[in-house]
Number of protein chains: 2
Amino acid sequence: MITERKKQVLEAVIKDYVKTAEPVGSRTIARHYMPEYSSATIRNEMSDLEEMGYLTQPHVSSGRVPNVHAYRLYVDHLINDGLINPIKDTGTEKALIARLQQMEDVVCTIAQSLSDMCRYTVAVMLPRQKDLRINSLQLMPISSARALLVVLTDAGIIRDAVVQVSSELTADDLYSISRAMSERFSGRTLSEVQGLLQGIAIHAKLEPRVMQGVGELAKQMEKQASADQLRVFGSQNILFHTEFSDVEKARSFLSAVEEKQNLLKLMSRGVKQGICAYIGHENGIVELEDCSVVVASYEMGNGHRGSVAVIGPMRMPYQELLTTLSSTASILSGMLKNSLGA
Amino acid sequence: MITERKKQVLEAVIKDYVKTAEPVGSRTIARHYMPEYSSATIRNEMSDLEEMGYLTQPHVSSGRVPNVHAYRLYVDHLINDGLINPIKDTGTEKALIARLQQMEDVVCTIAQSLSDMCRYTVAVMLPRQKDLRINSLQLMPISSARALLVVLTDAGIIRDAVVQVSSELTADDLYSISRAMSERFSGRTLSEVQGLLQGIAIHAKLEPRVMQGVGELAKQMEKQASADQLRVFGSQNILFHTEFSDVEKARSFLSAVEEKQNLLKLMSRGVKQGICAYIGHENGIVELEDCSVVVASYEMGNGHRGSVAVIGPMRMPYQELLTTLSSTASILSGMLKNSLGA
DNA sequence: GTTAGCACTCTCGCCTTTCGAGTGCTAACC
DNA sequence: GGTTAGCACTCGAAAGGCGAGAGTGCTAAC
């Protein structure tokens, strides 16, 4: 069994190691964290903790370093014992909202400032695009034979693409086509569009090339659904942390983060829970086996969900991080609910 | 005076140093580049070149390393003596054009692939937004009291923003407002919009809040003009080069590149010439004094110009780089002229 | 003008030594 | 029985010493 005092020692080791990135000795703990005991006592406890698999010694006569299991225990303790109290929104919302009107802008801006703030890499997953419902469509003329097709979806996401149209169509024609299409597609999800197009073919009055354009855009959006769904910010921040002072490691981290598929998979898993942490190899990404990923999910007004993740070395200040991240997620949810959508 | 043979030696030193990143000795030159002479001869030449300020010795008994002046001479020689022949467009254009319809997409995609290809950091400067001319405007309803304002400019750049509108306006109202506005603003530059809005105030029939929205958007675009005008790709590539194996240096590079103002200034200077190189301290950015920036300019159909830059250590293969970059710029110009704008 | 030869310099890698932080163990203490 | 002081021991990091090798400058000969 792990006694209360062992837990204290373990927590002290974690805190000190997070701060210094150096193996922690028994004397340091006794002096700075638990002056009521002598170093010898701590030494015995640490020896036990090592045997129990929570601490490791880089070499026989050095201090100890916390383990995946140690972090796991610590983080579980933080999450389960209610030690994470998201700070109430402090009014940042109002300052930002004036200038950010599209959902992606909001999310990306928040992510960027989060990464600046905590000096880690931040990834955000946007809601899955093919589940989005179309609100309306509009065509606007660009040149004689081309038009811009703008699709407005419920989650406040706007997408556009240039489509070829017959050169005989006037702006007014395009407008009435837009109205007709809006009516027909409104409320449908993007994945339904393809099917609808088939059924619609008979209504050939609706410019076929435009139809094709809509189909293209829908396809493209679906395709993007995986690629574009993840945005990464502050990946350079990794260079601030000593575990990456070897350029080779930094490079491997960066390439792992750039290859978004893996991260995406991980973050989709986390989207249902409120907040969770994948420590070390738990994240399942080989290149990131020495890193941790902390994921929190946010919600938009109409049931769509996304998630925000902080990625950094295993040695992270989990307490602050969990607090900050869960605050961020709840602020984000708030902003998206209030300002966009229905 | 610098003799022809001295130039040959200098060029050999540069080429070898670019390849190996190690100081180059006289024997290497004699063996690999100029077997018609002995190492002693080369030694004498190198000694002269050092005295003339083209080479430096890291320490007394090591090979020599080329200087800012050496690179300068070399690059001038490449540029002036017509050694840069942009490769004719090889058909990449067609493959890309189908999927890239907006000017920014085109430029950014090219920049990204350029940075992947040459493993350096690439920056692109987009045309100055406030000089862009408005082509047309369109409002589309989002919710009861909000509309999306889309502005189409000549250079194929599309911008949008959400604006507040009176809740009484129907979609048809918005459409006719759009037409009226398009008529009025078409052909004007963004910086003229502010002034026009004043004069227009009397025509109060045009929803005042929309007008305000237009003004806001114009303002915002001007504001973005500097921030958003520069895009950076592949900044992580810097980690591939030995001169940045010290993390501290890599970090300083990355922060210098992220702070876009300086780069923007530098690239604006280069926009008038076809292609030019700023070697070492010539680029005027303190953090990049050990780096070179090679800038080429591209052109869009209607007189707007932007530029592309490759940023890397001073030790770069200038010949290939200049060729690649100038090809890229000309391909880019071609694509933009053919596919967009007038 | 070019080259061969030689003495000289300086870095780099390798080894050894020293220093110190930290441990484990034992014996004494409360 | 838990806690503590003391001591011998281990091992890595930093410092110093040494030899090898690459490269130079200079001189004298071709």
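Since the model is a prediction, treat every value here as computed from it, not as a measurement. Proteins get letters first, then strands, A, B, ... in listed order; numbering begins at 1 in each.
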On the nucleotide D:dT24, are OP1 or OP2 found under 4.0 Å from the side-chain N or O atoms that B:S26 carries? yes

So, A:S292 versus A:Y318: side-chain donor-acceptor pair below 3.5 Å or not? yes

Select base, sugar-phosphate, or nothing to describe what B:E45 touches, counting heavy atoms under 4.0 Å on all strands. nothing

May I ask you to decide if B:G280's main-chain N or O and B:N283's side chain share a donor-acceptor pair within less than 3.5 Å? yes

Tell me if the side-chain of B:S61 makes a donor-acceptor pair with the base of C:dT9, cut-off 3.5 Å, by modelled atom types. yes

Side-chain N or O of B:R64 less than 4.0 angstrom from OP1 or OP2 on D:dT24? yes

Rounded to the Å, how far apart are A:E36 CD and C:dC30 P? 20 Å

Between C:dG24 (C1') and A:E50 (CD): distance, integer Å: 11 Å

Find out whether B:Y71 and B:Y17 are in side-chain contact, i.e. whether some heavy atom of one side chain is under 4.5 Å from a heavy atom of the other. yes

Whether A:R72 engages the ring of A:Y54 as a cation-pi pair (distance to the six-membered ring centre under 6.0 angstrom, angle to the ring normal within 45°) should be assessed. no

Would you mind reading off the distance between A:Q57 atom CD and C:dG22 atom P, rounded to a whole angstrom? 12 Å

Assign each of A:N44 and A:P23 the nucleotide of DNA chain C bearing its closest heavy atom; nearer the 5' end lies the nucleotide of A:P23

At under 4.0 Å, does any side-chain N or O of B:S38 touch on OP1 or OP2 of C:dT3? yes

Side-chain atoms of B:T28 come closest, of D:dG25, C:dT23, D:dG23, to D:dG23

Does A:R5 count as lying over the ring of A:Y37, i.e. NZ or CZ under 6.0 Å from the six-ring centre, within 45 degrees of the axis? yes

To the nearest angstrom, the CD1-P distance between A:I29 and D:dT3 comes to 16 Å

Gap between atoms NE2 and P, on B:H59 and D:dA22 respectively (whole Å): 13 Å

Between A:R43 and D:dG6, is there a side-chain N or O to OP1/OP2 distance below 4.0 Å? no

Residue-phosphate contact under 4.0 Å: A:T41 side-chain N/O, D:dT3 OP1/OP2: no

Please work out the stems of DNA chain D from pairs that are Watson-Crick or G-U wobble with both distances under 3.5 Å, keeping only runs of three or more consecutive pairs. C:1-30 with D:1-30

note: A:M46, atom CE; D:dT3, atom P; distance rounded to Å ~ 16 Å

Figure out the CG/C1' separation between A:D16 and C:dG22, and round it to whole Å. 14 Å

Length of the OH-P vector between A:Y37 and C:dC30, whole Å: 18 Å

With rounding to the nearest 0.5 angstrom, report the SG to CG distance, B:C276 to B:L266. 8.0 Å

Give a yes or no on whether the backbone of B:I279 and the side-chain of B:E282 come within a donor-acceptor separation of less than 3.5 Å. yes

